[in-house]
2 protein chains.
Amino acid sequence: MATPQLTKNQSLVMGALAHSEGPMSAYTILDKLRDQGFRAPLQVYRALDKLLEYGLVHRLESLNAFVACTCPHDHEHDRGVTAFTICEGCGQVTEFHDEAIEERLSALVRAQNFKTEKTTIEIRGHCGSCAA
Amino acid sequence: MATPQLTKNQSLVMGALAHSEGPMSAYTILDKLRDQGFRAPLQVYRALDKLLEYGLVHRLESLNAFVACTCPHDHEHDRGVTAFTICEGCGQVTEFHDEAIEERLSALVRAQNFKTEKTTIEIRGHCGSCAA
DNA sequence: TCAATTGCGTTATGCTATAACGTGTGCGAT
DNA sequence: ATCGCACACGTTATAGCATAACGCAATTGA
């Protein structure tokens, strides 16, 4: 899926996420974009839906929040599992990928005769700086 | 963490989940327990908090819903990662565990100097019966 | 007995997400 | 050219998920 030109709203949401330190909820994004003319949650959610589809943004299920994809790539290799560490102290989110986990999960799931559509891996805890 | 005697509300919520085919949201549980005297969401959420703490129930982050733990054991080995396949067709949830994934994830996370508190692995897709 | 803890019930509120409606714009087929 | 379609957009209303804050009752242990 090639990434098409982003619309105005999509660009604004993408920009807000890209410039943010950490993940943001849809409503936080909405607040940041009020000055740019955003007035309703749907404007944010519709843009997010597309950005998720293009692989430019990830949804963190355990946070009900969104982050810009940090992969340096051209977003062509959207096959593949994305995992996250999420620091409960500072909110920092780190995205990572690992083929070994991917293959192992894939084998286990196949053994169940299950067809994967989306895999969520999120690790909550504390980063080095915030560790108790 | 030994499992103490459950209170009345905890037992009712546990029972509702245990007898359910699939995952239930807190509000669905509330509706099922109205006849038993439940009136407010907090009654459900408070019971769920304890059941989660005891390891008798899991929360599915990608569904905002809860399932009874299907492990046959005595819930003493609460160390360890739990993973789920979630069928979008029939709603069936299958819980599974794998040491290889656990160790691999653990190593990757340690390399980030990150301390894990809770790991979420959820695979959305279709089970054999529901596959397209 | 007193203080601390835990569970419970209730009301109110806040956060997250989508339904349903209508408008405007670009673009290809007839 | 214009009709029909797909798509993005804007708005209002509503649905669904979760917790704050208050007070009461029962239990326990110093």
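Both backbone and side-chain heavy atoms feed into the values below; hydrogens, waters and symmetry mates do not. Proteins get letters first, then strands, A, B, ... in listed order; numbering begins at 1 in each. Just so it is clear, the structure is predicted and the values come from calculations on it, not from any experiment.
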Under 3.5 Å, is there a donor on one side chain and an acceptor on the other for A:Ser62 and A:Glu122?
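A pair is found: one side chain offers a donor N or O, the other an acceptor, under 3.5 Å apart.
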Would B:Phe66 end up clustered with B:Leu6 when hydrophobic side chains under 4.5 Å apart are linked, directly or stepwise?
yes
Let me confirm one number: the CD-OG1 distance from B:Gln10 to B:Thr3, rounded to the nearest 0.5 Å.
10.5 Å
I need the A:Cys69 SG to A:Glu95 CD distance, nearest 0.5 Å.
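Answer for the SG-CD pair, A:Cys69 versus A:Glu95, is 4.0 Å.
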Without decimals, in angstroms, what is the distance between [X] [atom1] and [N] [atom2]?
X       : N      : atom1 : atom2 : answer
A:Gln43 : D:dT12 : CD    : P     : 11 Å
A:Leu30 : C:dA17 : CG    : P     : 13 Å
A:Lys50 : D:dC9  : NZ    : P     : 10 Å
B:Arg39 : C:dT11 : CZ    : P     : 9 Å
A:Met24 : C:dT16 : CE    : P     : 12 Å
A:Phe38 : D:dC9  : CZ    : C1'   : 10 Å
A:Leu48 : D:dA8  : CG    : C1'   : 15 Å
A:Gln10 : D:dA8  : CD    : P     : 6 Å

Using the side-chain heavy atoms of B:Ala40, tell me which of these nucleotides is nearest: D:dT12, C:dC8, C:dT11.
C:dT11
Contact summary for A:Gly37 and A:Gln43, nearest pair of heavy atoms
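Answer, listing the atom of A:Gly37 first, then A:Gln43: O-NE2, 4.2 Å.
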The test is ring pair (Phe, Tyr, Trp, His ring centres under 6.0 Å); show your working for A:His58 and A:Phe84 and say whether it passes.
CA-CA 10 Å; A:His58 298 292; A:Phe84 304 90; 5.3 Å; yes
Per-nucleotide protein contact along nucleotides 14-29 of chain D, 5' to 3', at a 4.0 Å heavy-atom cut-off (B base, S sugar-phosphate only, - neither), is ---BBBBB--------
